[in-house]
Amino acid sequence: MMPSSMTPTRDALRIVCIVPFLDEERHLQRFLDSMAMQERGPDLLVLVDDGSVDGSAAIAADWAGSRPGVRVRQRAPRPRGRDRLARAGELRAFQCALAEIEGPWDIAVKMDADLELSRDLFCILERAFLSSPDLGIAGAYLSAIDPLTGDPVRERCAPHHVRGATKFYRRACLEQIAPLPAILGWDTIDEIAARRRGWRTASLDCPAGGTLHLRATGSSDGLLRAQYRWGVCAYGIGQHPLWVALSATRRLGDRPRLLGAGAFLAGWASAPLRRTPRAPADLRAYGRREQLATLRRRARRAIPV
């Protein structure tokens, strides 16, 4: 059984957590162990096997066992494409599982299975939603282990951005922005749509130690491909060309050095030729206005008056 600490308090929100996974045999047990250690866990946890061919499904089923409030769902294996992230399979799995949930809920969480969760993660996020009625989407900052030093290093993330690995959605917000398009960049499109409707989006610190990304962002199928994919994302969400240029400049120091920035630009430039799906035009325009406003603020801070 789950520890009694996973039972919500009287004034708690009802939290539903959906965890799609695909061939996560290497990380799934560690993720589940960290879920069991939560000071306040979800009221309902749905583990969605998205067509694994390794031992992931067996690990999930064994862990779920007779634990109350845990379900395991299996989706049929699908043809493996060249890029398993291109069609946002994890978002599709989340949406399908959420549509099957009966009963009330206040917060829906889409979470990846390659994480080691800070034990206070759900507590911190619940408090944030309770104290900030305008908070629509939130999540945790993530860290990854530096391969040279062995120390955890926070992954780059703007304060208003919420990584796709830990997406906490307030129900009213999610219902307003749904359906989310299952395309590259969905985990930024959702935030733009939320802010456009007046919601706030934010990543938060977890004082108990932070959440660890067991597989660093972009490392699953090569850093060069990851940079290229991020360029495609930039096109899909409609980033302003000036913002794209500055993003490429910032990536000059990322691994693989120089080549990564070139791959990012190549992804962005080639996306229209490949007719890559994009966010709706109104959301792209709103996002560009946000980016230009950010650049103006930075310019004013850099140039004293």
Side-chain angles (χ1 to χ4, degrees), residues 1-21 31-32 34-50 60 63-64 66-75 88 90-113 115 117-140 162-180 182 186-187 189-191 193-194 197-204 206 211:
M1 297 180 61
M2 284 192 176
S4 59
S5 60
M6 299 196 73
T7 303
T9 62
R10 182 165 54 89
D11 299 322
L13 299 172
R14 182 166 177 82
I15 301 176
V16 171
C17 181
I18 298 171
V19 184
F21 61 89
F31 167 79
L32 294 172
S34 69
M35 179 66 75
M37 295 299 294
Q38 288 298 295
E39 296 171 358
R40 184 270 196 254
D43 303 285
L44 175 63
L45 175 63
V46 185
L47 305 174
V48 185
D49 174 22
D50 199 20
W63 185 86
S66 60
R67 294 174 189 262
V70 181
R71 302 176 187 171
V72 179
R73 295 287 184 267
Q74 287 189 303
R75 303 185 77 207
E90 77 283 6
L91 175 61
R92 296 175 190 270
F94 167 74
Q95 292 171 326
C96 288
L98 186 60
E100 295 176 353
I101 291 176
E102 299 177 354
W105 56 269
D106 302 298
I107 305 294
V109 184
K110 181 268 171 192
M111 187 168 285
D112 287 357
L115 304 173
L117 308 177
S118 174
R119 68 177 185 275
D120 60 347
L121 175 63
F122 282 85
C123 280
I124 295 297
L125 270 295
E126 182 182 41
R127 290 171 192 163
F129 279 105
L130 286 170
S131 62
S132 301
D134 65 335
L135 184 61
I137 306 175
V162 182
R163 300 285 300 280
T166 61
K167 287 277 188 178
F168 285 64
Y169 295 96
R170 189 186 295 273
R171 182 166 190 161
C173 175
L174 184 58
E175 289 177 345
Q176 287 182 10
I177 65 177
L180 298 175
W186 68 267
D187 52 348
I189 293 170
D190 60 349
E191 298 170 5
R197 288 181 172 271
W199 296 100
R200 187 168 61 87
T201 62
S203 282
L204 306 174
C206 292
T211 292

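Nothing fancy with the numbering, it's 1 onward along the sequence. Excluded from the calculations below are hydrogen atoms, water molecules and symmetry mates; all remaining heavy atoms, backbone and side chain alike, are included.
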Main-chain N/O of [Y] paired to [X] side chain as donor or acceptor, under 3.5 Å:
| X | Y | result |
| --- | --- | --- |
| S34 | L117 | yes |
| K167 | A138 | no |
| D43 | I15 | yes |
| R14 | P104 | yes |
| R67 | W63 | yes |
| K110 | G164 | yes |
| S132 | F129 | no |

Please report the shortest heavy-atom distance between [X] and [Y], naming the atom on each side.
| X | Y | answer |
| --- | --- | --- |
| A108 | L174 | CB-CD2, 4.3 Å |
| M111 | C17 | CB-SG, 4.1 Å |
| G139 | L125 | N-CD1, 3.7 Å |
| M35 | P42 | SD-CD, 3.7 Å |
| T201 | A194 | CG2-CB, 4.2 Å |

Go through it in stages, so that I can follow the logic: the residues are V48 and V72, the test is side chain to side chain contact (heavy atoms under 4.5 Å, CB included), and I'd like the CA-CA distance, side-chain angles, deciding distance and then a yes or no. CA-CA 6 Å; V48 185; V72 179; over 6 Å; no

Quick one, [X] and [Y] - any side-chain contact, counting heavy atoms below 4.5 Å?
| X | Y | answer |
| --- | --- | --- |
| T211 | L121 | yes |
| D49 | R73 | no |
| F122 | V109 | yes |
| E126 | I107 | no |
| L98 | W105 | yes |

Is the closest basic N to carboxylate O distance between D50 and R92 below 4.0 Å?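 Between R92 and D50 there is no salt bridge, as every charged N stays at least 4.0 Å from the carboxylate O atoms.
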
What residues form a salt bridge (charged side-chain N to carboxylate O under 4.0 Å, His left out) with E102, not counting sequence neighbours?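 Listed in chain order: nothing, the list is empty.
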
As a quick check of understanding, evaluate salt bridge (charged side-chain N to carboxylate O under 4.0 Å, His left out) for D106 and R171, giving each step before the final call. CA-CA 5 Å; D106 302 298; R171 182 166 190 161; over 6 Å; no

Assess R170 against W199: is NZ or CZ under 6.0 Å from the centre of the six-membered ring, and within 45 degrees of the ring's axis?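 Negative - R170 is either too far from the ring of W199 or too far off its axis.
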
Pair E191, W186: side-chain N/O donor-acceptor within cut-off below 3.5 Å: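 Side-chain D/A pair, E191 to W186: absent.
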
Nearest 0.5 Å, please: how far is CG in D112 from CZ in F31?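 So the CZ of F31 and the CG of D112 are separated by 8.5 Å.
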
Only counting residues at least two apart or in another chain, list the ones meeting side chain to side chain donor-acceptor pair (under 3.5 Å) with S118.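 Partners of S118 by the side chain to side chain donor-acceptor pair (under 3.5 Å) criterion, ordered by chain and then number, come out as D120.
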
